[in-house]
Amino acid sequence: MTSPQQHRATSAPPPGCPAHQGTDALPLMGPRFQNNDRARLYREIYEQHGPIAPVVLPGDVPCWLVLGYRELHQITSDPVLFSRDSQLWNRWPEIPADWPLLPMVGKQPSILYTVGERHRRRASLVSDALAAVDPFELRSHSERFADRLIDELCGRGSGDLISEYAKVLPALVLAQLYGFSDEAGAQLVPSINALVDGGPGALAGRDTVKSAMSTLLASRRVAPAAGVASRMLYHDYARDFSFEELLEDMVVNIVAGHQPTADWIGNSLRLMLTDDRFAASLSGGRHSVAEAMNEVLWEDTPTQNIAGRWTTRDTQLAGRHIAAGDLLMLSFAAANGDPQVRPDRGSFTGGNSAFLSFGHGEHRCPYPAQDIAEGIARTGIEVLLDRLPDVELAVSPQALVWRPSPFLRGLASLPVRFTPTPKSTAGGSR
């Protein structure tokens with residue numbers, strides 16, 4: 001079998017035929033990507049193709065999957081050559097109007113596809129608005145909503161920690177931070193989840209979320225108040241952007257903040273309930289909670305593969321010829337397990353935070369957003385372990401099922417049982 005080093009030095013097929021027309025191009029959304037052992041799949045692709053592999057998206061649309069840590073770092077460090085501007089894509093003439101991945105790569109007015117100085121100003125606006133979130137306020141809201149959700153199931157002695165907890169808590173907290181009332185935030189949760197699940201209710205969910213965000217922004221224009229929405233509206237850079245652009249960024253931030261955080265909670269709880277190394281977490285070991293959350297970002301990072309980057313000119317990368325306008329799908333999950341960086345996948349990562357789970361470069365997840373996600377996830381896990389100290393899986397670990405998405409990594413459900421307990425009297429203060 002050809003080694004990754006040989007792949008790095010080997011020339012690829014000529015432009016217009018980047019190995020996608022052959023039989024070795026893997027369908028990115030095929031059945032193999034629904035395999036529970038995703039890490040093994042990435043290793044196999046790396047062994048066969050090296051750090052950059054030809055894959056096809058639905059409709060036999062070709063793109064490149066970047067699996068190498070160094071290559072991903074290089075791409076995200078060079079926004080001029082590897083642009084976030086999806087209008088550069090050389091495949092647009094072949095893409096039908098109903099292509100299912102249009103929401104991921106379509107020409108949108110959001111921060112995700114803005115480039116250059118305009119992106120830097122837009123990113124500063126968003127980052128500053130999020131950075132002003134008080135960590136004590138964040139902790140208080142997270143505890144209060146966590147207690148409320150646990151109160152709804154603690155008397156039963158069983159529950160699903162995905163649908164009843166992990167997929168609800170981040171949305172409630174983020175809605176509160178943006179400026180929604182408790183009631184309005186709770187009403188948004190089903191729509192946010194419908195949007196990110198990508199099912200039949202996704203478009204209706206997006207319409208509901210966007211309408212609620214628009215109403216909130218309009219009201220804050222008239223009467224500023226505490227919250228991220230007001231801080232975005234009245235930022236020094238806000239005058240550079242239209243109401244629609246600010247609205248798009250509000251929607252992007254709450255959706256992108258919710259789902260990865262929900263999966264971070266769920267994936268960490270799964271690890272604590274199935275891996276003996278984290279047994280101390282179940283008896284109040286705070287250090288073990290942090291280690292488990294860090295381990296998840298290496299092994300089961302919620303954001304697995306994202307689209308992506310588009311080359312602004314022909315270039316060579318890891319021995320591959322990448323044509324101008326080619327789409328590069330960035331695999332944070334594969335890069336975290338790159339054998340050039342982590343030759344021993346069985347070793348414990350400890351406090352190593354060199355993972356690429358939040359991206360890198362100009363378009364990485366803003367540091368304040370990362371801190372908010374970590375605050376919500378860690379508080380949610382700690383409160384649950386405080387309230388349900390003998391929680392355990394209600395099924396075998398082998399029976400747990402991951403959602404069949406190549407882009408995100410999260411459980412479909414996490415059934416547990418525990419000794420029934422009374423409702424909380426903590427009132428969100430610990």
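- Residues L26 and H49 form no side-chain contact, since every pair of their non-hydrogen atoms from C-beta on lies 4.5 Å or further apart.
- Taking 4.5 Å as the limit, every side-chain heavy atom of R70 sits out of range of all side-chain heavy atoms of P51.
- Between S357 and T301, the side chains place a donor N or O and an acceptor N or O closer than 3.5 Å (distance only, hydrogens not considered).
- Under the 3.5 Å distance criterion, with hydrogens and angles disregarded, a donor-acceptor pair is assigned to the side chains of H141 and R144.
- With 3.5 Å as the limit, one finds a donor-acceptor pair spanning the side chains of R38 and Q304.
- Taking the side chain as every heavy atom from C-beta outward, N90 and W310 never approach each other to under 4.5 Å.
- Residues Y42 and N305 bring a donor and an acceptor atom of their side chains to less than 3.5 Å of each other.
- Side-chain contact between L400 and P415: present, with at least one pair of heavy atoms (C-beta onward) separated by less than 4.5 Å.
- Using a 4.0 Å cut-off between a side-chain N of Lys or Arg and a carboxylate O of Asp or Glu, K210 and E244 qualify as a salt bridge.
- Between R409 and D263 there is no salt bridge, since no side-chain N of the basic residue sits under 4.0 Å from a carboxylate O of the acidic one.
- If you take CD1 on I376 and CZ on R378, they are separated by 14.5 Å, rounding to the nearest 0.5 Å.
- A cation-pi contact, defined as under 6.0 Å to the ring centre and within 45° of the axis, links R364 to Y367.
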I would like to know whether E299 and L271 meet side chain to side chain contact (heavy atoms under 4.5 Å, CB included); could you show each step before the answer? CA-CA 10 Å; E299 299 295 337; L271 186 64; over 6 Å; no
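- Using cut-offs of 30° and 60° on the angle between ring planes, the pair F358 and F355 is tilted.
- Counting non-hydrogen atoms of neighbouring residues, nucleotides and ligands closer than 6.0 angstrom, the CZ atom of R40 reaches no more than 12 such neighbours.
- A salt bridge between R156 and E164 is present, with a side-chain N of the basic residue lying under 4.0 Å from a carboxylate O of the acidic one.
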Working note: V61 + V56, criterion side chain to side chain contact (heavy atoms under 4.5 Å, CB included); need CA distance, chi angles, decisive distance, verdict. CA-CA 5 Å; V61 176; V56 290; over 6 Å; no
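- Residues V55 and L65 come closest through the heavy atom pair CG1-CB, 3.8 Å.
- With no hydrogens or angles considered, a side-chain donor-acceptor pair links D390 and T419 at under 3.5 Å.
- Ion pairing of E295 with R270 is absent here, as no side-chain N (NZ or NE/NH1/NH2) approaches a carboxylate O to less than 4.0 Å.
- Counting heavy atoms of neighbouring residues, nucleotides and ligands inside a 6.0 Å radius, atom CD of E183 does not exceed 12 of them.
- Between M272 and V289, the closest side-chain pair of non-hydrogen atoms falls below 4.5 Å.
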